[in-house]
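Residue numbers start from 1 in every chain, and the chains themselves are labelled A, B, ... in the order their sequence lines are given, proteins ahead of strands.
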Amino acid sequence: MPSTDELRDLPAQYNPADTERAIYQRWLDAGIFAADEKRSSRNGGDRTPFVIVMPPPNVTAVLHMGHGLNNTVQDVIVRWRRMVGDEALWVPGTDHAGIATQNIIEKQLAAEGRNKADLGREKFVERTIAFVEETGGEILRQLRAIGASADWNRTAYTFSPELSIGVREAFVQLYERGLIYRGHRVIHWCPRCLTSLSDEEAEHDEETGSLYHIAYPIVGAKNNAALTVATTRPETMLGDVAVAVHPDDDRYKQLIGNSVMLPIADVEIPVIADEYVDPSFGTGVVKITPAHDPNDFEVGKRHSLAMPVVMSPDGTMANVTDAGQRVPPELIGIDRFEARVRIVRTLEKSKRLIKVESHQHAVRHCYRCDTVVEPRLSDQWFVKMEPLAKPALKAVRDGTIRILPERWEAVYINWLENIRDWNISRQLWWGHRIPVWYCDRCNCQIVSRTDVSACEKCGGEVRQDDDVLDTWFSSWLFPISTLGWPDKSSAALAAFYPTDDLITAPEILFFWVARMIMAGFAFMDAAPFHTVYLHGTVRDMNHVKMSKSLGNGIDPLDVVHSYGADALRYTVIAGMGMGADLMLDPKDLERSFSPGRNFATKLWNIGRFLLSNIGSEAVRSVDELSDKELTLPDRWILARLNTTILECDTALGPARPEKGKWRPAERYIGLRLSEYAESARRFVWNELADWYLETTKTRIAGGGDDAQVARAVLTHTFDYALRLLHPIMPFITETLWQRLPVPVTAERCEFLAIAPWPIPTPLSRDDKEAVAGFDLVREAIGAVRQIRSDYSIAPATSIDVSIRSSRNGKLFAEHSPVIGRLSRSVVRVDGQSPSAGAAHAVLTDGTELIVPLGGIVDLKKECGKLRAELEQLDKQLDSLSNRLENEGFTSRAPAHVVEAERKKKEEWIKRREQLSAKVKAVCGG
RNA sequence: GGGCGAGUAGCUCAGUUGGUUAGAGCGCCUGCCUUACACGCAGGAAGUCGGGGGUUCGAGUCCCUCCUCGCCCACCA
């Protein structure tokens with residue numbers, strides 16, 4: 001424990017930079033973030049486990065506000081549960097981020113004037129590993145700066161050898177269950193990343209394009225008759241193998257079975273009938289390009305059409321497969337968008353272009369590089385999703401899993417109900433290689449958990465599939481793989497799976513959250529967590545999402561440096577309603593973060609007052625204080641503390657469902673972190689600091705037994721306040737708490753971070769009476785302050801206040817020193833009657849306050865103000881009376897409402913009397 | 001095209017099952033460096049609750065409709 005001198009030497013200004021790092025190190029040294037499997041009740045220990053798995057940031061990422069928000073929310077919850085006494089585990093980790101990381105290395109190479117082909121696959125992967133080793137994990141180090149209390153011993157990486165075992169296991173298991181298959185179909189292809197993408201990775205973007213109407217001459221028809229097709233993508237027409245019309249479309253019925261001449265390519269293609277065609281759109285005639293459009297692919301399959309591929313993987317025109325010489329030489333090698341322009345120009349010249357309409361449509365883009373994706377026929381590995389989706393749907397429907405805010409549950413359900421198979425193969429070099437080997441000799445395929453060096457059947461040479469798995473194929477296993485799966489005897493898995501909360505942004509609900517739920521059921525037969533909390537997005541003041549590329553970002557480390565981690569955390573938590581976006585001003589950090597810093601400073605100064613006035617001598621325990629010893633303010637603040645603890649607990653809600661499933665009543669409550677923060681802040685600032693602390697000054701200065709009581713209550717209250725605030729502002733609360741004098745009887749727990757979460761103290765006292773009593777005292781102080789302000793009485797001018805009270809005379813007499821001190825007045829109880837020329841105030845209990853104003857103020861002006869106030873009150877009273885006389889109201893409104901209105905009327909009448917007395921006093925006569 | 005959310009004080013947002021004088025923080029105005037704190041203290045101004053219609057004794061809250069913004073989903077080329 002620090003010496004008294006040390007306590008007194010608390011610097012006047014709190015400087016987070018001086019202390020945060022050291023405190024964090026002490027937490028680490030003490031191992032308080034490390035969870036122990038043996039202590040988990042699931043392994044026979046005495047603590048209920050509470051587990052959060054961190055959404056692993058990309059291994060190449062640097063900390064931005066989004067991470068700051070996400071991880072602060074997680075840390076607040078984990079710290080709360082740790083204090084409550086759970087065996088709290090927060091599993092940190094990073095994601096190897098296939099495409100994203102590969103893109104970075106490719107950019108590096110490009111800057112060196114090279115490309116990945118120059119290096120070759122092996123060298124490229126080596127280089128990427130080296131890069132990740134050097135820079136990866138930086139983001140996890142940065143998370144420590146904001147106080148993240150993760151169990152760093154368990155830091156996971158989706159591409160580590162341990163987690164890779166799980167990836168293979170998952171693939172093989174699903175394959176064996178018939179849920180992974182190789183499919184030949186049109187998928188989303190990114191011509192820049194040169195890989196296929198899943199449906200989720202190809203993002204829709206609304207764009208204004210053109211709808212080109214093109215004439216395809218009918219073969220053998222007279223007068224150059226033609227069918228006009230409408231398309232947004234003329235460049236794919238070279239791959240057309242038919243034009244389709246609706247079978248019932250009278251306009252075209254008779255042409256079915258005929259042929260048309262495909263312009264430019266100059267090949268004959270049939271006119272076919274297919275229900276897929278919507279006669280009311282465009283011309284009612286659709287060109288069918290099976291290799292470059294998913295719908296056309298289906299049509300092509302139905303009609304057994306050829307599927308010529310007329311574009312290279314990089315998006316340039318070429319006769320790739322089954323295309324013959326459809327692409328004319330002058331277009332070969334031309335980029336698809338340039339080809340579109342040239343084709344349109346050619347059609348125009350040959351009068352085949354009928355018209356061009358402006359057209360709104362959604363175009364899909366690569367979620368990593370924003371390139372327009374190209375639908376492309378290819379062979380890929382798919383996961384059959386419907387069987388996996390079933391239990392995941394049921395879990396949310398039956399309350400095994402809840403999603404907050406509630407509205408996301410509908411979005412989740414809608415997606416799963418319409419789920420489509422998941423393309424998991426990527427034509428990349430960075431990622432988990434697909435565990436499939438091919439033997440060209442006997443033409444077989446081997447799917448294996450371990451590397452295969454020779455064909456099982458013929459002993460021939462084998463080659464592994466070139467493709468890698470979608471990054472999300474490893475991330476979806478994170479809750480189980482980080483805990484040891486597929487080793488089902490893993491102690492960690494037994495102790496900590498299923499986990500509890502999953503906290504992330506809605507953007508990855510489908511990418512990650514839904515798939516984790518499916519994986520949980522598929523591989524562990526249990527939901528991975530019972531609560532999904534989807535928080536908002538960090539935006540600037542124009543509501544634009546913060547991003548480095550837009551330059552509207554805020555570097556959390558800058559904020560930590562200038563304002564402290566606690567200020568950052570407080571701002572993020574207090575400013576964020578359930579699921580709502582968080583607005584911060586990148587151009588004015590002061591505006592965004594000063595409230596948090598100011599609150600930290602407030603705490604610091606309460607601490608300074610407390611330590612310099614109370615010293616480090618052990619205080620008495622509040623449990624031992626008798627009712628008689630406690631003063632009114634003591635009882636008031638203790639009652640307020642109890643209320644505040646309850647408010648915080650209510651806002652935080654139940655940590656887990658009672659019997660494995662959320663009951664409707666509790667399903668959508670809790671995790672209202674901003675309400676929790678606000679309750680704690682209001683208590684500390686507006687009750688503890690503004691009122692209670694002020695009342696202790698005279699008592700502590702007075703010495704004696706009562707000073708000891710004040711010391712004890714103040715210390716206890718601040719102690720508990722620090723506990724309530726610790727999850728939000730861990731650094732400053734720990735710093736101050738470490739120096740708090742401990743009650744004589746208590747055992748000092750080493751760290752606030754593991755000190756017990758407050759529970760309301762059972763008070764034998766009549767709380768209600770205490771609260772009402774001290775509220776009266778506060779009201780008296782407020783009344784005098786109001787008078788001083790109304791009459792512009794300078795602080796230096798001392799005024800006399802007479803208090804007349806029949807019922808609460810004793811109360812005011814007892815607290816007149818406090819009233820005097822806090823209202824800067826000389827207070828006399830049972831003073832004179834109100835007379836003209838005096839300010840007059842009446843408290844709710846009827847107590848009168850009289851302040852003689854002789855020579856101090858302009859009474860005339862004040863008189864006018866008062867009369868206006870009286871008039872206003874009369875009006876309101878009138879309308880209230882009318883309501884009560886309205887039979888519709890008295891007969892139809894519930895009795896308690898009518899009763900409440902009657903009571904209110906009585907109160908107002910009373911207030912009217914008081915006000916007219918005031919008018920009389922000030923205005924005279 | 002389908003679905004969801006939002007529109008309340010200058011800004012960011014609370015407003016429980018309808019109950020009658022709509023709240024907080026920041027900002028703003030006034031006065032104070034009162035021996036924990038000017039990163040502070042005290043006092044104050046400020047809202048036709050997006051528009052219109054309806055139900056009701058009573059609507060920010062329920063219903064209908066329109067407007068504006070945002071998000072998610074989607075194989076009409």
In whole angstrom, give me the gap between the C1' atoms of U68(B) and G23(B). 26 Å

Rounded to whole Å, CG of Asn605(A) lies from P of A38(B) at a distance of 7 Å

Is a donor-acceptor contact shorter than 3.5 angstrom present between the side chain of Glu298(A) and the base of C75(B)? no

More 5' along RNA chain B: Arg608(A) or Ser789(A), using each one's nearest nucleotide? Arg608(A)

Do Ile187(A) and Leu197(A) have side chains that approach each other closer than 4.5 Å (heavy atoms only, starting at C-beta)? no

Considering only C26(B), A77(B), C75(B), which nucleotide approaches the side chain of Arg591(A) most closely? C26(B)

Can you confirm whether or not the ring centre of Phe281(A) sits under 6.0 Å from the ring centre of His359(A)? yes

Between His365(A) and the options Glu207(A), Glu203(A), His204(A), the side chain to side chain donor-acceptor pair (under 3.5 Å) test singles out Glu207(A)

Looking only at atom P, what distance separates A59(B) and G19(B), rounded to whole Å? 11 Å

If I pick the P atom on G47(B) and the same atom on A36(B), what distance separates them, to the nearest angstrom? 39 Å

Residues Glu200(A) and Tyr367(A): side-chain donor-acceptor under 3.5 angstrom: no

CG/Asp293(A) to CG/Leu377(A) distance, rounded to the nearest 0.5 angstrom? 11.5 Å

Spell out yes or no: do the side chain of Glu694(A) and the base of A36(B) have one donor N/O and one acceptor N/O closer than 3.5 Å? yes

Is there a donor N/O on one and an acceptor N/O on the other, under 3.5 Å, for the side chain of Arg597(A) and the base of C39(B)? yes

Side-chain contact check for Gln13(A): nearest option of A74(B), C39(B), A42(B) is C39(B)

Quick check: on RNA chain B, is the nucleotide nearest Leu693(A) upstream (toward 5') of the one nearest Met541(A), or the reverse? Name the residue that is more 5'. Met541(A)

What integer distance in Å separates Asp690(A):CG from A36(B):C1'? 12 Å

What integer distance in Å separates Asp278(A):CG from A74(B):C1'? 15 Å

Considering only atom P, compute the distance from C66(B) to U20(B) and round it to an integer number of Å. 32 Å

Asp585(A) CG - G10(B) P separation (whole Å): 19 Å

